[in-house]
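Below is one structure, written out as structure tokens; comments come after it.
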Amino acid sequence: MTQAEIKLCSLLLQEHFGEIVEKIGVHLIRTGSQPIRVIVHDTRTSLDQVKKALCVLIQHNLVIYQVHRRGMVEYEAQCSRVLRMLRYPRYIYTAKTLYNDTGELIVEELLLNGKMTMSALVKKVADRLTETMEDGKTMDYAEVSCTFVRLADTHFVQRCPLVHATENSDPGPPPPAPTLVINEKDMFLVPKLSLIGKGKRRRSSEDDATGEPKAKRPKHTTDNKEPIPDDGIYWQANLDRFHQHFRDQAIVSAVANRMDQTSSEIVRTMLRMSEVTTPSSAPFTQPLSSNEIFRSLPVGYNISKQVLDQYLTLLADDPLEFVGKSGDSGGGMYIINLHKALGSLATASLESVVQERFGSRCARIFRLVLQKKHLEQKQVEDFAMIPAKEAKDMLYKMLSENFISLQEIPKTPDHAPSRTFYLYTVNILSAARMLLHRCYKSIANLIERRQFETKENKRLLEKSQRVEAIIASMQATGAEAAQLQEIEEMITAPERQQLETLKHNVNKLDASEIQVDETIFLLESYIESTMKRQ
Amino acid sequence: MAALRAERASPAVESVRDCRSLESGSFLSLPTFRLLFCPSLEALVLSEQNLPTFLVQLVAMAGNKGRGRAAYTFNIEAVGFNRGEKLPDVVLKPPPLFPDTDYKPVPLKTGEGEDYMLALKQELRETVKRMPYFIETPEEKEDIERYSKRYMKVYKEEWIPDWRRLPREMMPKKKYKKAGSKSKKVDNTSKDTSLTNTADVLKKIEELEKRGDGEKSDEENEEKEGSKEKNKEGDEDEEDDAVEQEEYDEEEHEEENDYINSYFDNGEDFGADSDDNMDEATY
């Protein structure tokens with residue numbers, strides 16, 4: 001793992017789980033797979049805390065364990081999974097757009113808790129939904145279960161591997177760690193539960209944030225007594241499916257930008273039809289005949305078969321090659337080139353970065369070299385129609401930032417520089433990797449800056465929170481406007497200004513993080529797709 | 001001046017020859033030009049001489065020793081600059097930490113989706129701090145414990161992992177003060193981890209730590225109401241050792257109260273005491 005990735009993982013773990021878990025997590029990411037004793041020794045934390053931290057990390061699928069020879073259990077961290085924590089808001093928002101508030105809350109609870117049983121999940125989501133509803137209304141478990149089943153059917157949630165049930169006749173001591181297995185067929189199989197009930201609204205008298213210690217609160221009354229019907233069957237969010245969805249979204253919007261709305265709808269239909277037939281890592285989808293596409297178009301679209309055929313031909317002839325024609329049967333067999341599409345998207349990101357960083361002339365040179373693959377210095381100047389001195393300067397600037405690389409072609413075996421061709425070329429894979437690395441660094445910088453800003457103004461933030469709490473409690477007990485005014489004036493105008501500025505800055509930094517994460521997604525998908533093909 | 005040049009040139013000449021025998025042979029390719037210069041050459045470069053002419057001399061000296069004529073051994077234009085042209089200065093320090101950007105960044109995307117995701121992100125940031133998975137570092141005790149601190153703590157729900165899914169060594173060993181009934185359990189869990197010689201030593205260290213930890217975690221319990229991952233209150237059903245836990249529960253339960261049992265005065269003694277001191281007025 002690169003230093004930038006480790007730094008980013010460290011910041012993410014610290015924000016989500018605190019410093020102890022961060023220390024253990026980063027140590028595991030740096031050093032690879034280790035047994036618990038070594039972790040305790042190397043990080044100089046107590047065994048108790050290491051165990052707690054590992055439990056939390058395992059619960060959230062960030063660390064996996066394996067039993068090695070001599071019964072040692074080794075723990076390994078999944079760095080790429082830690083980096084996914086950046087994308088949680090995007091997953092939750094996607095669930096909201098597809099399955100409304102219920103789906104949104106289901107995915108949110110799953111992401112926050114790592115794994116949950118279906119019954120616990122349904123109950124929690126129902127309670128949360130009931131809170132937001134009007135007085136007197138409650139959310140039925142059945143509705144939540146229904147949404148959950150739909151999520152499982154479309155593969156957005158999946159089962160976690162189950163504990164392998166060993167036969168009891170096995171002699172000897174039980175193994176040091178359970179083996180977890182999952183059958184492919186069962187991964188999305190929802191257990192038959194009859195969850196009956198309604199969400200409970202939390203009563204306001206119990207709503208003490210401060211005050212009574214937890215121990216004095218009565219334990220949850222009846223629920224513990226009933227046995228949980230789906231005990232041991234845990235569910236987690238299937239991030240790969242979300243990634244597939246994002247990829248499809250990116251392709252559709254790219255087609256919409258390049259051509260028009262109708263073609264993007266056609267591509268969306270084709271992708272939807274291929275969701276179940278094509279594995280997500282395939283380079284292209286299964287061939288779809290034009291007739292099938294025509295039948296599966298959304299109901300509102302009244303385009304005739306011929307128009308559809310024309311659109312498909314246009315899409316197939318487009319130089320970007322998102323859609324390809326693979327045969328003529330059934331009115332023409334069309335495929336979507338997923339790998340090429342991802343490549344184009346990654347290339348577009350690179351071009352746009354060059355343009356924004358170095359200017360449009362550099363971008364012209366960059367696109368030229370991309371198109372022509374290998375060019376000499378002189379040829380670059382001629383084709384780009386840019387004066388030699390400027391072209392040289394721009395080329396060397398891009399070269400120093402590693403967007404462009406030099407390819408040496410010797411004429412003689414002794415590689416004499418006077419008798420060697422030096423050609424400029426763009427290696428998309430390595431440029432994408434370089435850009436991805438920069439993105440990780442950027443996000444780490446953004447998070448650091450946000451934490452710095454918040455820390456600088458910590459005192460002011462606390463004061464404003466206290467004032468808000470006072471106002472809220474006074475409003476609840478029915479105070480007059482004059483009193484409220486007085487309390488509000490506790491925060492002076494310059495302080496208000498400062499708070500506004502802080503809020504604006506923090507919002508901007510957060511929004512930037514989300515946007516950089518989109519670029520990271522594109523680049524990572526492209527790199528992954530390329531590596532799989534090799 | 002010429003003599004000086006000649007003197008300084010001689011070590012440089014050797015290095016030029018060495019450089020040229022390098023496999024990559026890219027000594028004279030312009031982008032790496034500056035970087036591959038040997039130090040002595042760099043010194044030469046820094047002198048106010050015009051670079052291309054110096055290069056010509058270098059090459060002439062190296063290649064055509066004895067000929068006395070300056071002649072190019074390669075097409076100088078291929079390197080990218082003409083004769084007599086002034087090249088940019090050599091950069092001798094790392095790039096600046098906050099470089100000036102000529103082009104300002106494009107404004108961020110805005111829209112309903114982006115706004116919603118922003119709000120979600122900020123909300124999630126607050127929520128994770130309240131989850132039981134967020135393990136706070138135990139703070140050092142300040143000199144004076146502020147009264148308000150106790151009541152500003154956030155009370156978290158506990159979380160107990162499903163022990164069936166975790167390796168056996170994950171189960172927290174019972175605290176030392178329960179040595180009587182739980183020492184059996186301690187033995188069980190410790191037997192299974194494979195012990196090598198070094199592990200023995202580590203185990204001893206760990207037991208010592210735990211003893212210290214046990215005391216410390218007692219203090220923590222009294223300070224913080226609501227333990228997080230300790231194997232205590234049976235809110236979850238997924239425990240294997242329900243019975244043992246419940247015994248443990250009550251003791252923990254008692255410890256976590258504000259009130260220590262022995263201090264509790266339920267007022268029964270009130271009347272009895274005052275009877276003894278009749279001269280004191282009762283309010």
So which residue, H16(A), E19(A), E376(A), ends up with the most heavy-atom pairs under 4.5 Å with chain B? H16(A)
Select one option (side chain, backbone, both, neither) describing which atoms of E22(A) are under 4.5 Å from chain B's heavy atoms. neither
Quick test of your reading of the model: are E126(B) and K121(B) salt-bridged, counting only N-O distances below 4.0 Å? no
Has R125(B) got a side-chain atom pairing as donor or acceptor with L120(B)'s backbone, closer than 3.5 angstrom? no
Contacts of F17(A) meeting ring-ring contact (aromatic ring centres under 6.0 Å, His included) (sequence neighbours excluded), chain-then-number -> H60(A)
Where on N113(A) is there a heavy atom nearer than 4.5 Å to chain B: the side chain, the backbone, both, or neither? both
Under the 3.5 angstrom rule, does the side chain of Y103(B) hit a backbone N or O of F358(A) as a donor-acceptor pair? yes
If one checks every heavy atom of H41(A) against chain B at 4.5 Å, the contacting part turns out to be side chain
Return the set of residues passing side-chain hydrogen bond (donor to acceptor under 3.5 Å, both in side chains) with R128(A) (not counting sequence neighbours), or none when no residue passes. E108(A), E109(A)
Heavy-atom distances under 4.5 Å only: say whether R90(A) touches chain B with side chain, backbone, both or neither. both
Please classify the contact between L124(B) and chain A as side chain, backbone, both or neither, with a heavy-atom cut-off of under 4.5 Å. side chain
Could you tell me which of L162(A), I92(A), L111(A), L395(A) has the largest number of non-hydrogen atom pairs under 4.5 Å with chain B? I92(A)
Which atoms of L112(A) are under 4.5 Å from chain B, going by heavy atoms: the side chain, the backbone, both sets, or neither? both
Are E169(B) and K51(A) ion-paired here, with the side-chain N under 4.0 Å from a carboxylate O? no
Using only atom types and a distance under 3.5 Å, with no angle test, would you say the side chain of K115(A) pairs donor to acceptor with the backbone of I58(A)? yes
With a 4.5 angstrom heavy-atom cut-off, which part of K508(A) approaches chain B: side chain, backbone, both or neither? both
Counting heavy-atom pairs under 4.5 angstrom with chain B, the leader among S400(A), P161(A), P410(A) is P161(A)
Would you please test Q377(A) and Y424(A) for side-chain hydrogen bond (donor to acceptor under 3.5 Å, both in side chains) and show each step? CA-CA 7 Å; Q377(A) 167 106 33; Y424(A) 292 99; 3.2 Å; yes
Pick whichever of T127(B), T110(B), L108(B), V106(B) has the most heavy-atom pairs under 4.5 Å with chain A. L108(B)
Measure Q515(A) against the heavy atoms of chain B and call it side chain, backbone, both or neither at under 4.5 Å. side chain
With only heavy atoms counted, which part of R87(A) is less than 4.5 Å from chain B, the side chain, the backbone, both or neither? neither
Given that the side chain runs from C-beta out, which part of Q355(A) has a heavy atom under 4.5 Å from chain B: side chain, backbone, both or neither? neither
Mind running side-chain hydrogen bond (donor to acceptor under 3.5 Å, both in side chains) on D414(A) and T412(A) for me, showing each step along the way? CA-CA 5 Å; D414(A) 70 347; T412(A) 55; 2.6 Å; yes
